[in-house]
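Below is one structure, written out as structure tokens; comments come after it.
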Amino acid sequence: MSDPAVTTAWARAFIDELARAGVEHVCLAPGSRSTPLVMACARESRIRMWVHLDERCAGFFALGLGKTTRRPAAVITTSGTATANLFPAVIEASHAGVPFLALTADRPRRFRGTDANQTIDQSQLYGSFVRESLDAGEAPAGDLRGIRELAAGAVAATGGMDPGPVHVNFPLDKPLEPVELGAEPEADGVSREPVMDQSGAAPAEDEVRAVVAALETASRGLIVVGPVPDPQTAGPAIRDLARATGFPVLADPLSGARFGEHCAANVVVAYDLFLACLPDPNLREVLEPDAVIRIGGAPVSASLSAFLSDLAHVPQVRITSGHYWKDHLSVASLSVRAEVASFVRAVTEELSSHPSLVSESSTPDTARSWCEQWTEIDRAASQAVLDFRTSDAGDAFEGDVLAAVVAGVTDGTTLFVSNSMPVRDLDAYAGGGKPLHVYGNRGASGIDGIVSTVAGIAAAGVAATSDGGSPIVAVVGDIAFYHDMNGLLAVAEHQLDIVFVVINNDGGGIFHMLPIRDHEPEFTKYFATAHGLDFRHAAELYGIPYRRVEHPSGAADALEEVLAGTGPRILEVRSDREQNQRSREAVGEAVRRAVSTLL
């Protein structure tokens, strides 16, 4: 048995220090063992609490909050298997570089390794996926300095150059209910400024000059940008680098350099389609660069990754802030781990202040000619896609849905794209340049927790402003939507302004792009996995307005009507997997023909 007054003061000191360090949101699922932490949060006016019935939803909701605020939201769970339900969100936060706090209540240490109910080994539970794994220990009497320092250190460890999740485990003994305290024990602790470093270290001059030196002989350079943790700051920095070098930019939708007013004129958007035309020797000769600058994580495009993999003989500089910074393609000649925006700005400044570092062969005329080759091919490929989509011969397919979403939303809209096909279709068919805030869970690229992540992003906006604005639009596949339908409870309860565009092709449409599709009957039974679900019933369960169209051709008109509403709503777009794959192949062939005429 513990002294409830000591536990109460201890828990309140920890939560008070979290608030002082900048934590504004706490997500929780109900449980008994976490009572001291929950009651301390309930008493803290600087923290907004978000209640979930499902720990996995709570974890991804906190992930969404962290994505958009770039500050950690905390998740509180009770002990036992409840803690394990945070693991998917912890993994995504780790790989995506999102600040995140997992606060897990635990049974007292004396129960570890015994048959005590709801007791598992929670120490080091999340392994290498957390930046720190901390144990709060037993609540001590008197001195609260230690628990305050633990809280401040945990928050600091979620940020800096390597943001990510931190786990704090709390062994808590009964009685768990709070005892009201006088002012004196609560005030115990240390007075300090909030500790949180989001800026990272200043770029190292030797690394900056090494990157610039790698460009000395480049007259046909490429800038390839993948997903980055903070696209809103990275995008403008990449624009300035593109202007300084004159190189074409192949920008992933989640890079911050694809959608926005700051996007440079030399941004290429249809690369996924025309790079798939390789290994056409003529096209390969035209497009082969003599240097590549790779920024951020791995792009979603498989054809772009294959193109980069074949360029092992070309100098490739890789700049990333990611915790997992090694090059999976094993072709980078120079890798730099740094905060992306500040490092790219430093490289641009070095190029601008020392133009002699770039060789005479890299004149504005040669760079312009090289960039024009890429943009001309890009325009031809994009026009081929548009011609197919608007012709009577072209059957509407899922790529049309993403194009309709980008065309239909207003400037400044927040767009979330789910994994599997939606993010790939946004990359291939939806162009770029329109100022949008685009998010996705591309850290580990799972389909779990999508609805809750979007809800967390929307909740951050609700907490920050009350002036309305455009809704968040989330394009989600049917399996991903099914996987996190529990997340709709928070969406409905808080009336979050979200439009879910659910593309329902009755199963795993992405598998039609793989060779396994030729193996029947196993393919349909074990991979395509048709489910026959009608998501109208999910909408009715949570009281969310619902609209359905039977074909992708109806998506644009239906979306226009749905966007006019407020609060949560669901637009289900039905699609046929077989027909969709035929249309994708037809688009690919149209692009191949269009590009071939230029060579």
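Sequence positions, counted from 1, serve as the residue numbers for this chain.
To the nearest 0.5 Å, the span separating CZ on Phe100 from OG1 on Thr158 amounts to 11.0 Å. The NE2 atom of His25 sits 13.5 Å away from the CG atom of Leu18 when rounded to the nearest 0.5 Å. Here the straight-line distance linking atom CZ of Arg33 with atom CD1 of Ile76 works out to 15.0 Å at 0.5 Å rounding. Separation of atoms CG (Leu65) and CZ (Arg48) is listed at 9.5 Å; rounding is to 0.5 Å. From Leu489, atom CG reaches atom CD1 of Ile544 across 9.0 Å, with rounding to the nearest 0.5 Å. In this structure, CZ in Arg145 is found 14.5 Å from CG in Leu150, a value given to the nearest 0.5 Å.
Listed by first then second residue, pairs satisfying ring-ring contact (aromatic ring centres under 6.0 Å, His included) with a partner in residues 437-460 number zero, not counting sequence neighbours.
In this model, a donor atom of one side chain and an acceptor atom of the other lie less than 3.5 Å apart for His167 and Thr104. Side-chain atoms of Thr453 and Asn441 include a donor-acceptor pair closer than 3.5 Å. Side-chain atoms of Asp327 and Ser330 form no donor-acceptor pair, as typed in the model, at a separation below 3.5 Å.
The only option from Val75, Val23, Val26 that meets the side-chain contact (heavy atoms from CB on, under 4.5 Å) definition with Leu101 turns out to be Val23.
A 4.5 Å side-chain heavy-atom check between Met421 and Leu426 finds every atom pair outside the cut-off. Between Asp448 and Phe60, the closest side-chain pair of non-hydrogen atoms falls below 4.5 Å. Val166 has its side chain out of reach of Val130: every pair of non-hydrogen atoms, C-beta onward, lies at least 4.5 Å apart. Using a 4.5 Å heavy-atom cutoff, the side chains of Phe111 and Asp106 are not in contact. Within the 4.5 Å cutoff, the side chain of Thr320 has no heavy atoms near those of the Val340 side chain. Ile450 places a side-chain heavy atom less than 4.5 Å from the side chain of Phe416.
Here Glu180 pairs with Arg12 in a salt bridge; the nearest charged N to carboxylate O distance falls below 4.0 Å. The pair Arg43-Asp16 does not count as a salt bridge, with every side-chain nitrogen at least 4.0 angstrom from each carboxylate oxygen.
Residues passing the side chain to side chain donor-acceptor pair (under 3.5 Å) test with Arg109, sequence neighbours excluded: Asp135.
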*Is there a ring-ring contact (aromatic ring centres under 6.0 Å, His included) between Phe129 and Phe87 once you walk through the steps?*
CA-CA 9 Å; Phe129 294 101; Phe87 213 160; 5.7 Å; yes
*Yes or no on side-chain hydrogen bond (donor to acceptor under 3.5 Å, both in side chains) for Arg107 and Ser79, after CA distance, side-chain angles and deciding distance?*
CA-CA 7 Å; Arg107 258 51 177 177; Ser79 64; 2.8 Å; yes
*Can you check side-chain hydrogen bond (donor to acceptor under 3.5 Å, both in side chains) on His323 and Asp162, steps first, answer last?*
CA-CA 6 Å; His323 187 67; Asp162 188 20; 2.7 Å; yes
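Less than 6.0 angstrom separates the ring centroid of His52 from the ring centroid of Phe61.
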